[in-house]
Amino acid sequence: MTEKRVPIGEAYAVLGTTPPPEVNPWYNALRQLDKAAEAMNLDSSYHKILATPKRVLEVQIPVRMDDGSIEVFLGWRVQHNDARGPCKGGIRYHPGVHRDEVKALAMWMTWKTAVVDIPYGGAKGGIKVDPHALSQGELERLTRRYAFMISPIIGVNRDIPAPDVYTGPREMAWIMDTYSQIVGYPEPGVVTGKPLEVGGSEGRNEATARGLQYTVEEAIRVLNIDPKRATAAVQGYGNAGYFAAKFMHELGMKVVAVSDSKGGIYNPDGLDPDAVLAHKQKSDDKSVRDFPGATNLDKDAKAANAKLLELDVDVLIPAAIENVITKDNADRIKAKLIAEAANGPTTPEADDILHEKGVLMIPDILANAGGVTVSYFEWVQARYREWWDLETVRNKLRAKMTRAFRDVYSLHEEKKIDMRTAALWLAIDRVVSAMKWRGIWP
Ligand code: NAD
């Protein structure tokens, strides 16, 4: 009897498909662009250019698995705009990654590098994979093959990848090495977020949250919030979330709740972020849940994450995934300040509701721009073959973030527009000015 064939083609057909508009970040990114374009009366020619990415590369990544079989993954690298300099943006490994998500993230990178005024455009990469289901060897082969597949369009002067969700220094070292093998010489400037030993920067690990801290310091000043009497909740406990919790705690705030993909915890007297991290690292399921001295927000991880967002806190920091603050829960949000460590956590409808309610928003393209800013510092150091100490990095980062916050806040006040639209206005204006100077070729 012949074995029944698995319809592989049919199974792979869904791999590259994108979700419907309501839950598709690319639509959110385009609606944000439309809203800002309307507010600033953007020239429609440039609006059209910005509403499409400059280049989208979809790649096949065949990986020899440990059991000898071959698995095929799908990956993308999207370059949205390079008017202000080489493209820049992280690489995400997640089972939910799709082409449109990578496009949205690439567009947000264009705005982010422009808001903090570093000489880059915007890009993003992603692989649709659950990295936790792969061994280290499989992950290395996946990463190196992906790096090879995108190597024709990346480079120190072209497009410089960095870490994002579920990628870190280890993956960046593999990418740096793969690219260096291809070109025939060590090229530390091709990727940022590397380990210190291969040209990483001091302070890159904490950079996103450190930058967020500097913007929060500015925001609580204008809101007259005393950090020593303030409370905070953080959704997501990875690189951005853990450090954000730690730095809010350092400012004197009580971090009363944190969460991750497995659950969330609450203690009205405040949590010790380092103790929570130690618990997460040694727990069987690598989660913050069941932390001694705190109550679980809910048995169900999704419900726990939903409850965290609606807690009565002063500062709310979404630091996990997109589309968590929507028209369905925005009205129940009690925080006075939202600082978006994650990219795209708030939908455009929710933005309007929050603005109406008087919640001050530090939008993602400003709040989490510390990561790309220190990536820029790392790239500069790599190119000059010189290394700065942590104090130098922090001082330069504070200067960039404080200036960017003040620029966005003044525009928000002056034009009576929400903070996201103000940040976009500032960014789009800078990108369009560069495009106008360079012209459209031919
Ligand atoms: P990470 O992989 O270190 O951590 C992700 C965290 O989110 C984990 O704690 C995970 O458990 C949690 N999570 C995943 N799915 C979740 C879900 N459905 N509900 C609740 N929690 C969930 O990633 P990261 O680097 O900290 O990135 C987090 C966010 O910050 C992303 O949106 C990313 O784009 C953004 N960001 C990160 C950086 C950076 O430098 N790391 C820079 C800018 C923006």
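We count ligands from 1, going down the list as the structure has it; atoms in each ligand are counted the same way.
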Atom 27 (O) of ligand 1 - nearest protein heavy atom and its distance: Val165 CG2, 3.7 Å
Can you tell me if CD on Glu250 sees more than 12 non-hydrogen neighbours from other groups inside 6.0 Å? yes
Are the side chains of Arg55 and Asp159 in contact, using a 4.5 Å heavy-atom criterion? no
So for Pro163, does at least one of its heavy atoms come nearer than 4.0 angstrom to any atom of ligand 1? no
Of all protein heavy atoms, the one nearest atom 3 (O) of ligand 1 is Asn239 N, 2.8 Å
May I ask you to test the Pro318-Ile325 pair for a side-chain heavy-atom distance under 4.5 Å? yes
Lys302 atom NZ, over 12 foreign heavy atoms within 6.0 Å: no
More than 12 heavy atoms from other groups under 6.0 Å of CD on Glu386: yes
One residue to check: Arg204. Relative to ligand 1, which of side chain, backbone, both or neither has a non-hydrogen atom less than 4.0 Å away? side chain
Can you tell me if Arg383 has over 12 outside heavy atoms packed within less than 6.0 Å of its CZ? yes
Near Asp164 (heavy-atom distance under 4.0 Å), the atoms of ligand 1 are 33 (C), 34 (O)
Should the proximity of Ala162 to ligand 1, defined as any heavy atom under 4.0 Å, be assigned to the side chain, the backbone, both, or neither? neither
Protein contact of atom 11 (O) of ligand 1 - nearest heavy atom, named by residue and atom, plus distance: Ser261 N, 3.0 Å
Can you check whether Arg31 reaches Asn28 side chain to side chain, under 4.5 Å on heavy atoms? yes
Starting from atom 18 (N) of ligand 1, locate the nearest protein heavy atom and write down its residue, its atom name and how far away it is, to 0.1 Å. Ile321 CD1, 3.3 Å
Gly238 heavy atoms within 4.0 Å reach ligand 1 at atoms 1 (P), 3 (O), 4 (O), 6 (C), 8 (C), 9 (O), 26 (O)
Quick check on Arg92 - does any of its heavy atoms sit under 4.0 Å from an atom of ligand 1? yes
Working for side-chain hydrogen bond (donor to acceptor under 3.5 Å, both in side chains), residues Ser180 and Asp177: CA-CA 5 Å; Ser180 299; Asp177 183 70; 5.8 Å; no
Please report whether ligand 1 has a polar contact with Ser259, defined as an N or O pair separated by less than 3.5 Å (distance criterion only). no
In the protein, what heavy atom is nearest to atom 7 (O) of ligand 1, and what distance, to one decimal place, separates them? Ala320 CB, 3.6 Å
For ligand 1, is there an N or O atom under 3.5 Å from any N or O atom of Gly236? no
Check: Trp26 ring centroid to His98 ring centroid under 6.0 Å: no
For Asp260, take its heavy atoms, then give the atoms of ligand 1 lying under 4.0 Å from any of them. 9 (O), 11 (O), 20 (C), 21 (N)
What residue and atom, counting heavy atoms only, is the protein's closest point to atom 26 (O) of ligand 1, and at what distance? Ala240 N, 2.8 Å
So, the side chain of Asn368 versus the backbone of Ala341: is there a donor-acceptor pair under 3.5 Å, distance only? yes
Between Gln235 and ligand 1, does any nitrogen or oxygen pair lie at a separation below 3.5 Å? no
Ring pair (Phe, Tyr, Trp, His ring centres under 6.0 Å) partner of Phe377, chosen from Tyr384, Trp387, Trp388: Trp388
Which is it for Asn305 and ligand 1 at heavy atoms under 4.0 Å: side chain, backbone, both or neither? side chain
List the closest protein heavy-atom neighbour of atom 2 (O) of ligand 1: residue, atom name, distance to the nearest 0.1 Å. Tyr166 N, 2.9 Å
Does the N or O separation between Asn343 and ligand 1 drop below 3.5 Å for any pair? yes
In the protein, which heavy atom is nearest to atom 36 (N) of ligand 1, and how far is it? Ala341 O, 3.7 Å
Mark yes when over 12 heavy atoms from residues, nucleotides or ligands other than Lys262 sit less than 6.0 Å from its NZ; otherwise mark no. yes
